[in-house]
Amino acid sequence: MTTFWIVLALATAAWLVARLVVTVRRDGLGTARPPASHLDWSDSVSNLPSRPFGSA
């Protein structure tokens, strides 16, 4: 009878792990790019003058 409970527990654990994998993949965790919270660095520096300030 103990073998039955071990097999049942292993099957339940495997089912729970499979459901977790499916849920995480549907959510897009790790694959979807997060939204940008600020402009890229290259966009920020494109308006800078070509010469440093204070040079004559």
Side-chain angles (χ1 to χ4, degrees):
M1 191 68 174
T2 304
T3 305
F4 170 76
W5 291 114
I6 292 173
V7 170
L8 184 63
L10 289 174
T12 304
W15 182 80
L16 287 172
V17 168
R19 292 296 305 155
L20 179 64
V21 167
V22 168
T23 302
V24 168
R25 284 191 178 165
R26 261 191 215 146
D27 186 34
L29 183 63
T31 58
R33 293 185 56 86
S37 60
H38 55 79
L39 295 174
D40 287 337
W41 177 254
S42 59
D43 293 338
S44 301
V45 298
S46 61
N47 303 2
L48 292 176
S50 58
R51 295 184 284 123
F53 293 107
S55 62

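Residue Leu8 is grouped with residue Met1 when hydrophobic side chains (ILVMFWY) are merged at heavy-atom distances under 4.5 angstrom, including chains of intermediate members.
Trp15 CH2 to Leu20 CG: the interatomic distance, rounded to the nearest 0.5 Å, is 11.0 Å. Atoms OG1 and CG, from Thr23 and Leu16 in turn, are 10.5 Å apart once rounded to the nearest 0.5 Å.
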